[in-house]
Protein chains: 2
Amino acid sequence: MEIEAATAPKGRPREFCVDAALAAALRVFWSKGYEGSSMADLTEAMGITKPSLYAAFGNKEALFNKALDLYELEKTDYMRAALDAPTARGVAERLMHGALDMYSCPENPGGCLGVINSVACGAEAECIREAVVARSAAAKQAMLERFTRAKAEGDFPDDVDPAGLAAFLTAMNQGMAVQAGAGATRAELERLVETGLKLWPGR
Amino acid sequence: MEIEAATAPKGRPREFCVDAALAAALRVFWSKGYEGSSMADLTEAMGITKPSLYAAFGNKEALFNKALDLYELEKTDYMRAALDAPTARGVAERLMHGALDMYSCPENPGGCLGVINSVACGAEAECIREAVVARSAAAKQAMLERFTRAKAEGDFPDDVDPAGLAAFLTAMNQGMAVQAGAGATRAELERLVETGLKLWPGR
DNA sequence: CGATTTCCATAACGGCTGGTATATAAGTTA
DNA sequence: TAACTTATATACCAGCCGTTATGGAAATCG
């Protein structure tokens with residue numbers, strides 16, 4: 001019956017924290033990409049051995065997908081929050097500033113996990129790529145819907161279309177990610193954001 | 001003495017065309033990235049065996065650098081041409097349309113060789129990454145100088161700075177590359193370019 | 001012609017890849 | 001205590017990685 005949380009894990013309890021290990025794995029994937037991260041890199045960073053990793057997470061691909069879930073959960077929630085801004089300009093501001101904070105946070109690896117793993121890869125990582133691309137497509141779709149509403153509400157002129165604006169904002173985010181991954185300083189990214197917002201239509 | 005071109009290659013002549021093989025190698029690197037391209041992939045696409053490859057090009061890294069030279073030479077010369085446009089807006093137009101044509105040409109692999117290999121990689125490909133990043137930094141620097149001149153010539157308002165504009169255009173290019181690599185259609189990229197040019201300051 | 005030089009093809013190298021089989025340690029339940 | 005269940009540690013697997021040694025084929029030079 002056991003309605004309460006399972007208080008009796010029958011066998012020997014594991015000696016490591018699954019969440020902490022997953023967070024460590026995320027950092028590795030984030031800085032080296034899926035293909036560039038070897039199992040040796042991962043186990044060393046996670047502080048566990050290979051059998052423990054396989055028992056807890058399945059395999060490398062499953063581990064990546066769980067790391068991707070974690071990434072979306074705690075690293076890109078600024079995106080969801082941004083879409084709640086009252087105006088299209090507010091959305092753009094929150095989105096760019098959120099990206100800026102994330103990409104220039106010294107505790108994070110440079111760049112964006114999604115961009116890193118969606119550009120190109122060998123044959124065996126193709127399914128990873130597809131998974132990542134699908135997620136970013138969903139994000140772009142949400143932006144498109146938000147801007148369609150914004151246009152109906154008169155947030156920007158008639159001669160700019162919502163799809164173009166969504167693609168534009170996505171491109172700015174991706175460009176920031178690439179430049180951050182290439183070693184751009186926070187000041188440089190700030191200039192980029194400032195320029196992008198200066199060019200943003202309306203207000 | 002031999003002032004004329006060497007007409008007497010002493011030993012057995014090679015049976016393949018070096019330029020064609022290099023072009024084939026470029027396509028592989030361009031679609032799979034440096035790490036994702038195995039020697040087997042390369043030799044198969046180039047139609048030669050591994051010893052021939054090593055004799056003609058050195059090793060994988062040297063082959064990549066030569067492919068990168070070829071890429072810059074014949075795939076990104078639109079960038080150099082763009083900087084010669086009479087106005088900053090002309091530069092932006094040529095740059096974006098040039099990128100659009102290249103990224104949506106069905107004969108090319110999707111994406112940008114530079115972006116693909118500058119985002120992240122394992123330890124052994126770090127030197128490749130640095131080489132690619134250095135080149136794109138040079139391109140950005142050329143753009144910065146062009147826009148500094150443009151500002152002096154009054155091509156755009158005082159409240160936008162040349163560095164920001166260079167970073168912005170670079171970001172647009174990188175965003176297009178990422179989206180093209182993720183499977184965006186030409187129509188989608190056209191919308192992105194159109195929007196970007198609509199937001200461009202002045203005129 | 002013979003000698004020399006270079007290229008091609010086969011096959012192998014050590015090392016690393018992601019993934020496991022086996023044995024032992026560390027807990028719980030009875 | 002004995003029986004059971006699960007985690008850990010070591011060692012290992014087949015397969016691929018980039019790279020190279022070896023042996024023979026094809027050209028020019030003397």
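The shown structure was predicted, so the numbers you read here are calculated from the model rather than taken from an experiment. Chain identifiers are assigned alphabetically (A, B, ...) following the order of the sequence lines, protein sequences preceding nucleic acid strands; residue numbering begins at 1 within each chain.
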Return each pair, listed once, that meets side chain to side chain donor-acceptor pair (under 3.5 Å) where at least one residue sits in residues 45-65 of chain B; pairs must be two or more places apart or across chains.
B/Thr49-B/Ser52
Taking only residues at least two apart or on different chains, which pairs with a member in residues 95-108 of chain B satisfy side chain to side chain donor-acceptor pair (under 3.5 Å)?
B/Lys75-B/Asn108, B/Asp101-B/Arg186, B/Tyr103-B/Asn173, B/Ser104-B/Arg186
Taking B/Thr76 for its side chain and B/Met79 for its backbone only, find out whether a donor-acceptor pair lies under 3.5 Å.
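Here the side-chain-to-backbone pair does not exist.
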Specify the separation, in whole Å, of atom [atom1] of [X] and atom [atom2] of [N].
X       : N      : atom1 : atom2 : answer
B/Leu63 : D/dC17 : CG    : C1'   : 16 Å
A/Leu53 : D/dA9  : CG    : C1'   : 15 Å
A/Lys10 : C/dA30 : NZ    : C1'   : 13 Å
B/Leu42 : D/dG18 : CG    : P     : 8 Å

Using a 4.0 Å heavy-atom cut-off to protein, can you give one letter per nucleotide of nucleotides 16-26 of chain C, 5' to 3': B if the base is in contact, S if only the sugar-phosphate is, - if neither?
-SSBBB---BB
D/dA7 phosphate, OP1 or OP2, under 4.0 Å from A/Ser52 side-chain N/O
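No.
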Using the ring-ring contact (aromatic ring centres under 6.0 Å, His included) criterion, which residues pair with A/Phe147? Sequence neighbours excluded.
A/Trp200
Listed by chain and number, what are the ring-ring contact (aromatic ring centres under 6.0 Å, His included) partners of A/Tyr71, not counting sequence neighbours?
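With neighbours one apart ignored, the set is A/Trp30.
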Under 3.5 Å donor-acceptor pairs involving side-chain atoms of residues 114-125 of chain A, not counting sequence neighbours:
unit_1: A/Ser118; atom_1: OG; unit_2: A/Gly114; atom_2: O; d: 3.1
unit_1: A/Ser118; atom_1: OG; unit_2: A/Val115; atom_2: O; d: 3.4

